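All values below were derived from every heavy atom in this structure, side-chain atoms included, with hydrogens, water molecules and symmetry-related copies excluded. Convention: sequence-line order gives letters A, B, ...; per-chain numbering from 1. Given the structure is predicted, the values throughout are model-derived calculations rather than measurements.
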Amino acid sequence: MTDTSPAPAADLPTAFAPAEVEGTLYERWVQRGYFEADDKSDRPPYCIVIPPPNVTGSLHLGHAFEHTLIDALIRRRRMQGYEALWMPGMDHAGIATQNVVERELAREGLSRHDLGREAFVQRVWQWKVQSGGQISGQMRRLGDSVAWSRERFTMDEGLSRVVPTIFKRLYGDGLIYRAERIINWCVRCHTALSDIEVEHTEDEGELISIRYDDEVVVATTRAETMLGDTAVAVNPDDERYQHLVGTEVELPLTGRRIPVVADPHVDPEFGTGMVKVTPAHDPNDFEIGRRHNLPALTIMDELGVITAHGPFQGLDRFEARPAVVAALREQGRIVTEKRPWVHAVGHCSRCKTVVEPRLSLQWFVRVGPLAKAAGDAVRDGRVRIHPKDMEPRWFAWVDNMHDWCISRQLWWGHRIPVWYGPNDEVVCVGPDDEVPSGDGWTQDEDVLDTWFSSALWPFSTLGWPEQTAAMEKFYPNQVLVTGYDILFFWVARMMMFGLYANAEFGPERAIPFSTVALHGMVRDARGKKMSKSFGNVVDPMDWMDAYGSDALRFTLARGANPGTDVPIGEDWVQASRNFCNKLWNATRFALLNGARVGELPRAAELSAPDRWILSRLHTTLAEVDALYEDFQFAKLTEAIYHFTWDEFCDWYVELAKTPLSRGGTDAERTRLVLGHVLDALLRVLHPITPFVSEALWTTLTGRETLVTVAWP
RNA sequence: GGGCGUAUAGCUCAGCGGUAGAGCACCCGCCUUACAAGCGGGAGGUCACUGGUUCGAUCCCAGUUGCGCCCACCA
């Protein structure tokens, strides 16, 4: 550290005014390229890919939280001499974005069908530009030190090549297949959903028992599905009904005759021990149907409207239910009237509509070997999940995963790269393959689940499948920082695809990242979930306007216990603003008294308070360092807070007033200690509060920037 | 139906085998050589309940109760 002339302390106002420094500092950082990373450097790599925000609008506090943590990690490593890369980008967010734009259209009285596919997709791109701009503006405001030159979008040209590349590879390996299955269908979004896009809630329904004939009584919560029954099943070991197996019974209201079959799936203890079998509208029944070669009769269309059986035709499924019950009652076939029944009902995670199990032809990823590999990577320690108590959840899921339905009946997304020929040919078309042409060839109409492309993010953003310098340098990523809520949606899929796509590098290098650092959800001051319906949603921009980005970041970091939800209230942001101001004024005091950064006198020449504060400083720095390695943001922030306020300001600065007023060597010695402590303090705070740290540090030292300076 | 977590000051949370901590809120006094966005002082908790282990438990163990979360194809 070189000596500098005393800084112009008088220039510092008596209060920190964030708005006056944030914008200029950020733009300067970007212009000077501090956030960019060099693929070819000799420095050790440190790469975190951004969990790409959905282009559905703007960032919320949860993003601000996540970005604060990532930025702190990245900035610290950058200071430590790593080649630090925070890869920026956004996610097209298929169903979510399509829904947003459809809602917008609805306000104009239009549906996507009014526009047609091409025009609608155009419209979504327009939306994307707007939303994307908003998001990057917010990221700048937060101070995110991302390498802007590398920004990617899950539907940009490059990534749109990666998707069919991996699809074709998986298809060729038999890990992607097309099949007619019962999938979760959202009748509002008009698309298939994967299992995890369905949210189960305990809803009150009615369990109704229906008498099919004298001996056959079945129970159901979805009476309307009886129109599609093609059998009644009993347990093969159920003595009571042996004589019925193999006989037929007439299905009421339809006149159809359906068989009674014996199937082990039926629980003899439940109800009468007889179950209606509707293969086209229930996953269990579908399996029973398969085992017994039963026809699957679809009685409902993609809107949830009954398609058959005279009087019920054209009724919505929820209108059909009471109508069917009424008709059955008229025939005296309702045994138990409206018994209240709480059971788990699936809802579309996007629009909350009750999901309808539906038989349809969809594309699936065969997850068996992929999920096994994802489990093993954690089991054998190649990938560490932090905090560790999230691991059981990981294994429970990864080790029991069902095949992943990846086709979506949407327009916004990566089109499935498969063409069908006039003679039932099925051709998977890679990015460099010739598209089959001629009469009767058509491309699959569907798009891929949005998580299919985000699963590729850790390497698609680095130029995969090319062996780019960026891949070489930054794959595997060092850390992934994300919320525990998307452990399965995203992390598991990244693990599966990362390990698969990069298998050639061997087990150690195939993993997408070495560490998964999970954070919690931002909640309101009372610990309640933030949601529009509660009206407790806070726009991070409002708090940044009022208290500054540093204050918001400091608050979020201070609440960040690993994997734990973080409550946040305006009071706390205010307290953080006060902290920034405290730091500001401590520096101001030091500068007014001629503090400077220079070589410290020998220990023997230092006073007891000098030695004490220096010792406390170094202890604190060591603590902070250790806490960073364990992602203990709350604790490290707290440690800095206490050192700064309770020890440095309340004690050392107060005690310093005496030697400073004495002048001479006492004062000079004190100026150097003040300078020394502040220099280190501002550096260690930089990852959390980059703006105020930069402003004060450059004033204190007269140097260019803190961003690239050494970690204390 | 499984699995997990949690219960500490008014609120939100740390913590720890040896007579309880922070921030905010609250009370009393202060414009003291940076900071009233500040300074000094203070009040406030039988650490959910019941047992057990221990010289000693808020902390370890068991059970109870409350709350929360995740997973789940019993009609």
Side-chain angles (χ1 to χ4, degrees), chain A residues 9 12-17 182 184 195-196 198-200 205 207-210 218-223 225-226 229 232-233 265-278 282-288 341 343-344 346 357 387 389-397 400-402 484-485 487-488 520-521 523-529 547-548 551 555 558-559 561 563-593 595 632 634-635 637-638 641-642 645-646 649-650 653-654 656-658 660-661 674:
Chain A
L12 288 184
T14 59
F16 172 46
I182 297 271
N184 307 292
D195 292 347
I196 45 175
V198 177
E199 291 169 358
H200 294 271
L207 186 67
I208 292 167
S209 295
I210 307 168
V218 298
T220 181
T221 52
R222 296 188 296 153
T225 62
M226 61 82 60
D229 284 5
V232 169
H265 171 262
V266 180
D267 176 4
E269 306 294 317
F270 188 94
T272 57
M274 303 180 120
V275 55
K276 59 190 278 305
V277 182
T278 323
D282 182 278
N284 292 314
D285 294 5
F286 180 74
E287 293 304 321
I288 296 176
W341 187 254
H343 61 141
D389 39 304
M390 289 288 176
E391 270 187 13
R393 217 184 259 199
W394 172 263
F395 293 126
W397 200 73
N400 299 294
M401 205 186 309
H402 295 313
Y484 62 72
D485 59 326
L487 188 60
F488 306 143
M521 305 297 115
R523 294 170 168 269
D524 76 6
R526 304 189 66 86
K528 266 177 48 174
K529 189 173 175 175
Y547 307 107
T555 309
R558 200 176 184 186
N561 289 112
T564 308
D565 290 348
V566 28
I568 184 171
E570 186 160 0
D571 283 354
W572 310 345
V573 187
Q574 226 170 75
S576 300
R577 185 271 316 267
N578 295 352
F579 172 78
C580 292
N581 193 236
K582 189 73 179 173
L583 187 67
W584 180 273
N585 277 290
T587 310
R588 182 162 176 272
F589 168 84
L591 290 170
L592 285 168
N593 285 280
Q632 298 285 355
K635 286 178 190 154
T637 307
E638 199 63 17
Y641 181 94
H642 277 292
W645 203 307
D646 303 343
C649 289
D650 286 355
V653 169
E654 289 307 319
K657 287 173 182 174
T658 308
L660 284 172
S661 66
L674 282 170

*So what does A:Asp282 hit on the nucleic acid, given a heavy-atom distance under 4.0 Å: a base, only sugar-phosphate, or nothing?*
nothing
_Distance test, side-chain N/O of A:Lys528 to OP1/OP2 of B:rU12, below 4.0 Å_ = no
*Quick one: salt bridge (Lys or Arg N to Asp or Glu O under 4.0 Å) pairs with a partner in residues 571-582 of chain A, sequence neighbours left out?*
none
*Within this structure, what is the OH-to-P distance between A:Tyr484 and B:rC71, rounded to whole angstrom?*
11 Å
_By the 4.0 Å heavy-atom rule, please label A:Phe16 as base, sugar-phosphate, or nothing._
base
*Convert the base pairs of RNA chain B into dot-bracket notation, remembering that pairs crossing earlier ones are written with [ ] and that bases paired across to another strand are shown as |; include only Watson-Crick or G-U pairs under 3.5 Å.*
(((((((..((((.......)))).(((((.......))))).....(((((.......))))))))))))....
Listed pairs, N/O of protein and of nucleotides 22-31 of chain B, under 3.5 Å:
residue: B:rA22; atom: O2'; partner: A:Glu638; partner atom: OE2; Å: 3.2
residue: B:rC24; atom: O2'; partner: A:Asp571; partner atom: OD2; Å: 3.0

*Have a look at A:Arg523 and say if it touches a base, only the backbone sugar-phosphate, or nothing, with a 4.0 Å heavy-atom cut-off.*
nothing
*Counting only distance, no hydrogens or angles, is the base of B:rA34 paired donor-acceptor with the side chain of A:Glu654 under 3.5 Å?*
yes
*Closer than 4.0 Å, any side-chain N/O of A:Lys635 to the OP1 or OP2 of B:rG15?*
yes
*How is A:Pro567 classified with respect to the nucleic acid when contacts are heavy atoms under 4.0 Å: base, sugar-phosphate, or nothing?*
sugar-phosphate
*Could you tell me whether the side chains of A:Asn581 and A:Tyr547 share a donor-acceptor contact shorter than 3.5 Å?*
no
*Residues in side-chain contact (heavy atoms from CB on, under 4.5 Å) with A:Tyr641, at least two apart?*
A:Phe554, A:Arg558, A:Phe579, A:Trp645
*What nucleotide, of B:rC35, B:rC70, B:rA14, holds the atom closest to the side chain of A:Arg393?*
B:rC70
*From the options B:rA14, B:rC35, B:rC71, select the nucleotide whose nearest atom is closest to the side chain of A:Trp397.*
B:rC71
*Could you tell me which residues satisfy ring pair (Phe, Tyr, Trp, His ring centres under 6.0 Å) with A:Trp584, sequence neighbours excluded, listed by chain and number?*
A:Phe16
*Roughly how many Å is it from CD in A:Glu269 to P in B:rG1, rounded to a whole number?*
16 Å
_Rounded distance (Å) that lies between atom P of B:rA36 and atom CG of A:Asn585_ = 7 Å
*asked:* Suppose we screen for side-chain contact (heavy atoms from CB on, under 4.5 Å). Which residues come up paired with A:Ala344, at least two apart in sequence or across chains?
replied: A:His200, A:Glu202
*Sugar-phosphate, base or nothing in reach of A:Cys580, heavy atoms under 4.0 Å*: nothing
*When we call it a touch if two heavy atoms are under 4.0 Å apart, what does A:Val218 touch: a base, just sugar-phosphate, or nothing?*
nothing
_Can you measure A:Arg577 atom CZ to B:rA36 atom C1' for me and round it to whole angstrom units?_
12 Å
_Taking any heavy-atom pair under 4.0 Å as a contact, classify A:Ala525: base, sugar-phosphate, or nothing._
sugar-phosphate
